[in-house]
Amino acid sequence: MAKKNIFLKLGIASALFSGIYAFSNYIYKISSFPHQHKDSDPDFSPEITGGRMFIRNHPDKRDMYIDSIDGLRLHASYIPSESESHKYVILIHGIWNNSEYCGIYAKHYLERGINCLLPDLRGFGKSEGKYVGYGLDDRLDIMEWIYWIVKRDPDAHILLHGMSMGAATTLMTTGERLPSNVKAAISDSSYSRLVEQFASSYKLFKGSFVPLPIALFVSRIVILLRSGFDINKVNPVDAVKRSETPTLFIHGDDDTLIDPHMCSTLYEAAKCPKKYCMILGSGHIEAVVKDPENFWGKIRTFLESTEF
């Protein structure tokens with residue numbers, strides 16, 4: 001009888017361990033393994049696809065490479081404006097995407113004589129990397145790109161403009177000590193804290209039978225072990241409390257992926273000069289397409305209030 005109890009307990013322990021291992025692999029695969037965007041993957045709007053082709057086929061596009069502080073080879077597309085300019089925008093894409101997504105934004109800025117740098121975040125596009133950084137490691141990569149610009153042009157005036165995860169990266173970058181060349185930042189649809197975003201996203205998964213606290217704990221541990229960072233430290237709210245960079249916070253009120261209330265949380269926490277813009281009728285990072293006149297009008301007014 002004793003041996004049967006031992007075998008039963010071992011069987012239960014083995015099944016439990018196997019289940020946890022399988023669940024942790026599932027969590028890591030859907031949250032942290034970089035999925036490359038393919039041409040067969042549909043964009044939510046033809047204008048976004050048109051922007052991709054604009055970048056891909058631009059005659060003046062140059063491929064630039066730098067090394068991250070942890071030894072990754074990072075790529076960006078650089079397109080100079082037709083007229084000589086000391087103004088630069090760093091356009092930062094979101095998750096499951098690459099720098100070509102930012103083409104619709106680059107087209108607008110180039111028409112206004114602003115040089116465009118479009119980095120591929122680590123793990124995406126032509127940049128090396130085996131995991132999604134969610135802005136924590138990426139902020140250091142963006143700082144390297146900032147110094148890349150400043151080294152080329154000490155008189156540069158730099159704008160950071162990020163979307164979704166790229167917006168979180170933007171805000172976390174502004175929480176660091178930046179050169180005075182960085183004059184402004186635009187955050188379009190950032191999450192406030194990654195752990196809160198994980199919780200919100202997990203509730204939308206089909207078959208999310210594991211209780212939320214356990215799922216978050218497993219997520220934190222597996223990402224810490226395999227990616228080397230703590231999701232609790234991916235905290236744009238804390239970053240904006242330290243920021244001195246004038247920042248425009250944009251969000252769509254119909255966003256079902258990242259709660260619009262997170263934008264309010266970020267705005268209220270920010271200690272920097274700031275502006276707030278909620279685009280009515282816009283879903284997740286859709287404002288540039290759904291209401292471009294209002295979207296770009298708010299950005300123009302904001303930039304006129306800064307030194308950019």
| query | Can you tell me if Ser200 and Glu196 form a side-chain donor-acceptor pair at under 3.5 Å? | reply | no

| said: Does anything in residues 79-90 form a salt bridge (Lys or Arg N to Asp or Glu O under 4.0 Å)? List the pairs, not counting sequence neighbours. | reply: none

| query | Taking the side chain from Arg139 and the backbone from Thr173, do they hold a donor-acceptor pair closer than 3.5 Å? | reply | no

| Which residues pass the side-chain hydrogen bond (donor to acceptor under 3.5 Å, both in side chains) test with Asp253, sequence neighbours left out? | none

| said: Enumerate the side chain to side chain donor-acceptor pair (under 3.5 Å) contacts for residues 57-66, please, sequence neighbours excluded, ordered by first and then second residue. | reply: Asp63-His75

| request: With sequence neighbours excluded, tell me which residues meet side-chain contact (heavy atoms from CB on, under 4.5 Å) with Leu72. | output: Ser68, Asp70, Leu74, Arg122, Glu128

| His161: what forms a side-chain hydrogen bond (donor to acceptor under 3.5 Å, both in side chains) with it, not counting sequence neighbours? | Tyr109

| request: Give every residue pair that meets the side chain to side chain donor-acceptor pair (under 3.5 Å) criterion with at least one member in residues 269-281, sequence neighbours excluded. | output: Ser264-Tyr276

| query | Which pairs count as side chain to side chain donor-acceptor pair (under 3.5 Å) when at least one residue sits in residues 148-157, sequence neighbours excluded? | reply | His86-Asp153, Tyr88-Asp153

| said: Under 3.5 Å, is there a donor on one side chain and an acceptor on the other for Asp43 and Thr49? | reply: yes

| query | Where is the tightest heavy-atom contact between Gly103 and Phe54, given as atom of each residue plus distance? | reply | O-CD2, 4.0 Å

| message | Could you work out, with side-chain hydrogen bond (donor to acceptor under 3.5 Å, both in side chains) as the rule, every residue matching Glu293, not counting sequence neighbours? | response | none

| query | Can you name the side-chain hydrogen bond (donor to acceptor under 3.5 Å, both in side chains) partners of Asn181, sequence neighbours left out? | reply | none

| query | Among all residues two or more places apart in sequence or in another chain, which pass the salt bridge (charged side-chain N to carboxylate O under 4.0 Å, His left out) test with Glu304? | reply | none

| query | By salt bridge (charged side-chain N to carboxylate O under 4.0 Å, His left out), which residues pair with Asp238, not counting sequence neighbours? | reply | Lys241

| query | Do side-chain atoms of Thr169 reach the backbone of Ala167 as a donor and acceptor pair under 3.5 angstrom? | reply | no

| task | Please list, chain by chain and in numerical order, all residues satisfying salt bridge (charged side-chain N to carboxylate O under 4.0 Å, His left out) with Arg56, sequence neighbours excluded. | result | Asp39, Glu100

